[in-house]
Amino acid sequence: MKIGELAKLSGLAASRIRFYEAQGLLPPAQRQSNGYREYDPQTLTRLEIINCAQGAGFSLEEIRAVLPPDLEAWPHAALLETIQRKIDEIELLERRLAQSKRHLRTLIDDITHKTEGEDCKVATRRVLDKLRQGATASAAAKPRTRAAGKRA
């Protein structure tokens with residue numbers, strides 16, 4: 001099928017399809033005598049996989065690493081490992097976002113609930129001091145890692 005038909009069926013721009021081909025995510029299209037690209041029908045399936053994987057948060061490099069040349073010969077162990085690693089990354093991001101959300105809610109609470117008679121300068125100092133204390137406590141709680149290549 002020609003690139004225009006592939007673009008229409010996949011919902012992707014022809015330029016994106018050419019980009020994926022240039023990045024090695026699609027096998028090179030056969031060229032007709034007039035220079036037009038002719039794509040294998042399996043290319044549509046590959047595009048759907050790439051699009052879904054990107055929607056799930058996979059980078060093109062991650063997709064390239066697991067997408068086999070033959071879609072009927074998936075490296076199941078590598079695929080499962082890659083998916084689990086992505087789930088782990090998402091869970092870590094969720095924890096970090098939840099922590100950021102808690103910090104921001106605390107900040108809102110600290111800003112909106114100043115004591116009676118407290119002026120803005122004093123309130124600002126109080127909130128900044130509390131933020132500094134939180135940053136110091138957070139830094140102290142983080143596990144330290146050794147620089148690569150250094151030995152004890």
Side-chain angles (χ1 to χ4, degrees), residues 1-113 124 127-152:
M1 89 183 68
K2 290 186 180 70
I3 197 165
E5 182 181 359
L6 186 58
K8 184 176 180 181
L9 290 172
S10 68
L12 298 171
S15 60
R16 179 155 301 272
I17 295 169
R18 286 190 292 273
F19 172 76
Y20 289 154
E21 185 179 347
Q23 294 297 308
L25 291 163
L26 300 175
Q30 299 296 314
R31 293 289 185 154
Q32 297 177 338
S33 59
N34 60 6
Y36 288 175
R37 289 174 165 88
E38 184 69 30
Y39 290 93
D40 182 276
Q42 198 177 53
T43 304
L44 181 58
T45 302
R46 286 174 120 7
L47 288 172
E48 290 170 338
I49 291 167
I50 293 165
N51 201 31
C52 286
Q54 280 192 296
F58 286 90
S59 69
L60 293 182
E61 188 60 40
E62 290 169 323
I63 296 167
R64 184 182 301 105
V66 76
L67 192 61
D70 178 4
L71 292 182
E72 295 185 22
W74 280 90
H76 292 284
L79 177 62
L80 291 173
E81 183 181 318
T82 301
I83 292 170
Q84 185 59 55
R85 201 170 35 247
K86 184 54 69 179
I87 290 170
D88 294 344
E89 288 174 16
I90 291 168
E91 288 173 345
L92 177 61
L93 181 59
E94 287 174 333
R95 288 190 301 273
R96 287 180 179 167
L97 288 171
Q99 182 179 19
S100 293
K101 185 177 177 180
R102 283 191 304 274
H103 288 176
L104 291 172
R105 287 192 188 277
T106 300
L107 183 59
I108 288 171
D109 190 55
D110 288 344
I111 291 169
T112 57
H113 293 97
T124 301
V127 170
L128 287 174
D129 287 344
K130 188 171 182 178
L131 286 173
R132 275 193 217 99
Q133 289 171 358
T136 303
S138 178
K142 284 185 181 177
R144 302 214 170 165
T145 58
R146 291 181 173 258
K150 292 192 176 183
R151 294 199 171 142

- Query: Taking R64 for the side chain and Q23 for the main chain, is one N or O donor matched with an acceptor at less than 3.5 Å?
  - Reply: yes
- Start with the C-alpha gap between L9 and L47, add the side-chain angles, then the distance that decides, and say whether side-chain contact (heavy atoms from CB on, under 4.5 Å) holds. CA-CA 10 Å; L9 290 172; L47 288 172; over 6 Å; no
- May I ask you to say whether E5 pairs ionically with K8, meaning some side-chain N is under 4.0 Å from a carboxylate O? no
- Between Q30 and R37, does a side-chain contact (heavy atoms from CB on, under 4.5 Å) hold up when you go through it step by step? CA-CA 6 Å; Q30 299 296 314; R37 289 174 165 88; over 6 Å; no
- For V66 and W74 the tightest heavy-atom approach is O-CZ3, 3.7 Å
- Message: Are I83 and L79 packed together at the side-chain level, in the sense that at least one heavy-atom pair is separated by less than 4.5 angstrom?
- Response: yes
- Query: Distance from I49 atom CD1 to L44 atom CG, nearest 0.5 Å?
  - Reply: 10.0 Å
- Under 3.5 Å, is there a donor-acceptor pair between the Q84 and D88 side chains? yes
- Spacing of OG belonging to S100 relative to CZ belonging to R96, to within rounding of 0.5 Å: 9.5 Å
- Message: Nearest 0.5 Å, please: how far is CD in Q99 from CG in L104?
- Response: 10.5 Å
- Taking the side chain as every heavy atom from C-beta outward, state whether E91 and R95 have any atom pair closer than 4.5 Å. yes
- Step-by-step side-chain contact (heavy atoms from CB on, under 4.5 Å) determination, L12 to I50: CA-CA 11 Å; L12 298 171; I50 293 165; over 6 Å; no
- Task: Output the distance between atom CG (L26) and atom CG (L6), rounded to the nearest 0.5 Å.
- Result: 8.0 Å
- Message: Is it true that, when you exclude R18 itself, more than 12 heavy atoms of the residues, nucleotides or ligands shown sit nearer than 6.0 Å to its CZ?
- Response: yes
- From K2, E21, R46, residue fulfilling side-chain hydrogen bond (donor to acceptor under 3.5 Å, both in side chains) relative to Y39: E21
- Query: Below 4.0 angstrom, N of the basic side chain to O of the carboxylate: do E81 and R85 qualify?
  - Reply: yes
- Item | P75 side chain near P68 side chain, heavy-atom distance below 4.5 Å | yes
- Atom CZ of R105 with >12 non-hydrogen neighbours under 6.0 angstrom: no
- Query: Which atom pair, heavy atoms only, marks the closest approach of E38 to Q32?
  - Reply: OE1-NE2, 2.7 Å
- May I ask you to test the Y20-I63 pair for a side-chain heavy-atom distance under 4.5 Å? no
- Of all heavy-atom pairs linking A7 and A13, the shortest is CB-C, 4.4 Å
- Measure the CG-CG distance between L97 and L93 for me, rounded to the nearest 0.5 Å. 4.5 Å
- Item | D129 versus R132, closest heavy-atom pair with distance | OD1-NH1, 2.9 Å
- Tightest non-hydrogen contact, residues L67 and L25, listed as CD2-O, 3.7 Å
- What is the minimum heavy-atom distance between S10 and I17, and which atoms define it? OG-CD1, 4.0 Å
